[in-house]
Participant: 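Take a look at this one; I'll ask things after.
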Amino acid sequence: MLINPLKAGTGGADRAHIEAVIYEASKGTRFFEEQKRRHARTADRIARLKAHAARVTRSDLAEAEQTIAHRRAAIEAAVLSDVDADGRPRVMVHCDLDAFYASVHEVDEPQWRTVPMAVGGTGGDGVLTTANYVARRFGIRSAMPTWIARKLCPQLAVLDLDFAKYRVAAAKVRTVFSRYDPRFRSASLDEASLDLTPYLAEHPELTPAQAVEAMRAAIHAETGLTASAGIAANTMLAKIASDANKPNGQLLVPFDRLGILAFVGALPVRKFPGIGAVTDHVLDAFGVLTGADIAAQMPFLWTILTPALRDYLLCVSMGVPSGAALPPAPPGASSTPGGDAATRRSGISSERTFKSTASLAFLQAMLRDQCATLADDLRRSRVFARTLTFKIKKESFAVLTRSRSTNGYVRTAGELYRHVEPMLLAVVREHRPPTQWRLLGVRASGLVGENADGMTAGVRVGVRVGGNDGGNDRDDATRDGRRSDAVRRRGGHP
DNA sequence: GCGGATCAC
DNA sequence: CATGGTGATCCGC
């Protein structure tokens, strides 16, 4: 008799049961096999790092210690200068709605509050976007395929996504945020980062924790949603703290240097934003489990890790967002915080998963669809593309990409397709049947605004791609069947 | 510049 | 039987 999942909390026995169900369901699937291959590549990477580590000398370490000492001094100087007009540290808050999509449905239809429920993933190949907290006790998580979730919990209710509803709810929540910081930033519908310093200056009777309690209470009163929050000296710490007492809780991280170091020192490395499953595994292989381990082993890590990662680790182990006190950017680099270079998207993409197929005609039709979608997005964003990347995924889940830089003025569906179709043909030719494919997409990057030099809306200079480029977005004269024949003639090894 | 990988949401 | 889509960044050629 299996353990009753209704009693599942965070207990070890229940967790083991959940893991066993997931393992039994996943075992043998193509997805699982691809995961194993990725795991093997990570193991190779760790082995190479260990071989490198074995060659590290005392003088390498001594040199690293010097470099680290200088970097640490620079970081501390920069952090101490990041204070408000009165010389006090800023009070940053990160606020995060709990199980946002699922909770919005619960507010509208309270019958979902007491039963396991998840949102998204109603299609055949669906994965869940959010699960309510009842469902989470069964081990159900976001990004879990629906069919595995049903093995964990057969009575699970799965609702369709309703973004219109989520946008309405998010807009209400944002009116609350704006009362506490009119300049708050949101990276997604369900979270926001606020600078509470001005608000607190106007309300000296409130502690930061009291103000945030009141903000979360206002969110609940005005939307029925619960939120969790973190309060700290910078946004990174606030974000980490917002996760600590979820759901419907908050945490204040000490603002003094030693308090910050104690907080990050006790933190498992996986909690730092930017350290995912793979980096966690790599660090684990070197006995680096916590922020304190990072700090203690910094000289050694410095000698074996790549520049971006080691600098990131140095910063976060001091409780400081990465990139702090870096040397000034080279002249000409467009790194204007708050300016439009910082907010401009660097790429736009469209991709789609479908029932695995080896049919070139189908893949061509799908690629046309993705190009049409991407063309619409480019036009709406008022940009042209300099680089196009074709992406395709095998039935085995292995992913391939091919990219090519263009003259910088590509946007219509037809232009996009003429650039990426050869990439599709080449990849398919390299992988002869019976290779089957399950996803295909196209990404535009190196975006150039319509009003950039030499560029005005409707008049594009220097466009010469294929034979038909009158600026018409609808030019799908080339028939799939004809392409298919052409490919067949060209296909095949010598 | 290109292709593979990693990460967040 | 069966595992998403979008955007960003980094690393090693």
Side-chain angles (χ1 to χ4, degrees), chain A residues 22 24-35 37-39 41-42 44-45 48-49 96-97 99-101 119-130 141-151 161 163 166 186-191 236 239-240 243 270-282 305-312 322-323 342-356 370 373-374 377 381 386-393 395-406 423 426-427 430 438-447:
Chain A
I22 294 171
E24 287 302 318
S26 301
K27 182 175 69 174
T29 63
R30 291 186 174 91
F31 181 84
F32 184 86
E33 294 302 310
E34 175 63 17
Q35 294 300 101
R37 287 190 287 273
R38 291 184 184 177
H39 202 270
R41 286 196 286 272
T42 301
D44 281 350
R45 179 178 158 199
R48 286 196 304 275
L49 285 172
D96 202 294
L97 282 312
F100 178 54
Y101 295 169
V119 183
T122 50
D125 58 350
V127 301
L128 301 174
T129 305
T130 320
R141 296 290 181 269
S142 61
M144 177 177 280
T146 306
W147 64 273
I148 291 183
R150 291 196 191 284
K151 284 194 189 295
L161 290 160
F163 281 101
Y166 311 145
S186 279
S188 61
L189 279 182
D190 71 337
E191 65 178 28
M236 182 194 72
K239 185 173 173 59
I240 294 170
D243 182 60
R270 184 68 171 83
K271 295 286 186 185
F272 292 104
I275 297 187
V278 175
T279 309
D280 184 33
H281 190 218
V282 170
L305 298 180
T306 50
L309 179 56
R310 68 195 191 188
D311 199 74
Y312 166 81
S322 60
T343 56
R344 180 150 51 234
R345 276 195 293 184
S346 79
I348 304 178
S349 63
S350 177
E351 65 186 53
R352 189 58 54 104
T353 295
F354 40 81
K355 195 166 89 66
S356 288
Q370 302 314 305
T373 301
L374 181 58
D377 288 350
S381 301
R386 197 168 55 78
T387 300
L388 299 177
T389 303
F390 168 74
K391 172 179 174 179
I392 191 165
K393 190 189 284 182
E395 188 183 31
S396 69
F397 287 87
V399 175
L400 303 172
T401 61
R402 294 290 180 271
S403 70
R404 198 184 123 192
S405 294
T406 70
M423 305 185 202
V427 168
E430 291 160 18
R438 71 183 334 272
L439 170 148
L440 164 163
V442 56
R443 171 178 168 82
S445 57
L447 303 182

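Quick note on labels: first sequence line is chain A, next is B, and so on, each numbered from 1.
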Participant: Within the 4.0 Å heavy-atom criterion, would you say A:A277 contacts the bases, only the backbone, or no part of the nucleic acid?
Facilitator: sugar-phosphate

Participant: Can you tell me, in whole Å, how much space there is between the P of B:dA8 and that of C:dT3?
Facilitator: 24 Å

Participant: Quick one: on DNA chain C, does A:G347 or A:L309 contact a more 5' nucleotide (nearest heavy atom)?
Facilitator: A:G347

Participant: Name the nucleic acid region contacted by A:R38, choosing base, sugar-phosphate or nothing; use a 4.0 angstrom heavy-atom cut-off, strictly under.
Facilitator: nothing

Participant: A:S356: what forms a side-chain contact (heavy atoms from CB on, under 4.5 Å) with it, not counting sequence neighbours?
Facilitator: A:E395, A:Q436, A:R438

Participant: Does A:R45 put a side-chain nitrogen or oxygen below 4.0 Å from OP1 or OP2 of C:dC11?
Facilitator: no

Participant: On DNA chain B, compare the nucleotides closest to A:T42 and A:D190; which residue's is nearer the 5' end?
Facilitator: A:T42

Participant: Could you check whether A:S350 gets within reach of a base, just the sugar-phosphate, or nothing at all, counting any heavy atom under 4.0 Å?
Facilitator: sugar-phosphate

Participant: Which residues pass the side-chain hydrogen bond (donor to acceptor under 3.5 Å, both in side chains) test with A:S405, sequence neighbours left out?
Facilitator: A:T387

Participant: Counting the atoms with a prime plus P, OP1 and OP2 as sugar-phosphate, which does A:T279 contact under 4.0 Å by heavy atoms, base, sugar-phosphate, or nothing?
Facilitator: sugar-phosphate

Participant: For A:Y101, which residues count as a ring-ring contact (aromatic ring centres under 6.0 Å, His included) partner, sequence neighbours excluded?
Facilitator: A:F163, A:Y166

Participant: Working note: A:L440 + A:F390, criterion side-chain contact (heavy atoms from CB on, under 4.5 Å); need CA distance, chi angles, decisive distance, verdict.
Facilitator: CA-CA 8 Å; A:L440 164 163; A:F390 168 74; 4.0 Å; yes

Participant: Quick one: label A:R386 by what it contacts on the DNA or RNA (base, sugar-phosphate, nothing), any heavy atom closer than 4.0 Å.
Facilitator: sugar-phosphate

Participant: Give me the first and last nucleotide of DNA chain B, going 5' to 3', that has any atom under 4.0 Å from a heavy atom of chain A.
Facilitator: B:dG1 to B:dC9

Participant: Distance check needed: C:dT6 C1' versus A:L161 CG, whole Å only.
Facilitator: 15 Å

Participant: Can you find a donor-acceptor pair, distance only, under 3.5 Å between A:T353 side chain and C:dT3 base?
Facilitator: no

Participant: When you match A:A308 and A:F397 each to their closest nucleotide on DNA chain C, which lands nearer the 5' end?
Facilitator: A:F397

Participant: If you assign A:T401 and A:E191 each to the DNA chain B nucleotide with the nearest heavy atom, which residue ends up on the more 5' nucleotide?
Facilitator: A:T401

Participant: Can you tell me the distance, in whole Å, between the CZ atom of A:R345 and the P atom of C:dT9?
Facilitator: 13 Å

Participant: In whole Å, what is the span from the CD atom of A:E351 to the P atom of C:dG4?
Facilitator: 10 Å

Participant: To the nearest Å, give me how far apart NZ (A:K391) and P (C:dT6) are.
Facilitator: 9 Å

Participant: Round to the nearest Å and state the distance from A:Q370 atom CD to C:dG4 atom C1'.
Facilitator: 13 Å

Participant: Report yes or no: does A:T389 contribute a side-chain atom to a donor-acceptor pair with the main-chain N or O of A:R402 at less than 3.5 Å?
Facilitator: no

Participant: Can you tell me how far C1' of C:dC10 sits from CG of A:L305, to the nearest Å?
Facilitator: 13 Å

Participant: Applying side-chain hydrogen bond (donor to acceptor under 3.5 Å, both in side chains), can you list everything that pairs with A:S322, at least two apart in sequence or on another chain?
Facilitator: none

Participant: Which of these nucleotides, C:dA2, C:dG4, C:dT9, is closest to any side-chain atom of A:S346?
Facilitator: C:dT9

Participant: How long is the line joining CZ of A:R30 and C1' of C:dC1, in whole Å?
Facilitator: 10 Å

Participant: Which part of the nucleic acid, if any, lies within reach of A:L439 when heavy atoms closer than 4.0 Å are counted: base, sugar-phosphate only, or nothing?
Facilitator: sugar-phosphate

Participant: Donor-acceptor pairs under 3.5 Å, side chain of residues 25-32 of chain A to any protein atom, not counting sequence neighbours: which ones?
Facilitator:
{"residue": "A:S26", "atom": "OG", "partner": "A:I22", "partner atom": "O", "Å": "2.9"}
{"residue": "A:K27", "atom": "NZ", "partner": "A:E24", "partner atom": "OE1", "Å": "3.0"}
{"residue": "A:K27", "atom": "NZ", "partner": "A:E24", "partner atom": "OE2", "Å": "3.4"}
{"residue": "A:T29", "atom": "OG1", "partner": "A:S26", "partner atom": "O", "Å": "2.7"}
{"residue": "A:T29", "atom": "OG1", "partner": "A:F32", "partner atom": "N", "Å": "3.1"}

Participant: With rounding to the nearest 0.5 Å, note down the distance linking NZ in A:K391 to CG in A:L400.
Facilitator: 11.0 Å

Participant: When we call it a touch if two heavy atoms are under 4.0 Å apart, what does A:T29 touch: a base, just sugar-phosphate, or nothing?
Facilitator: base

Participant: Atom CZ of A:F31 to atom P of C:dC1: distance rounded to whole Å?
Facilitator: 17 Å

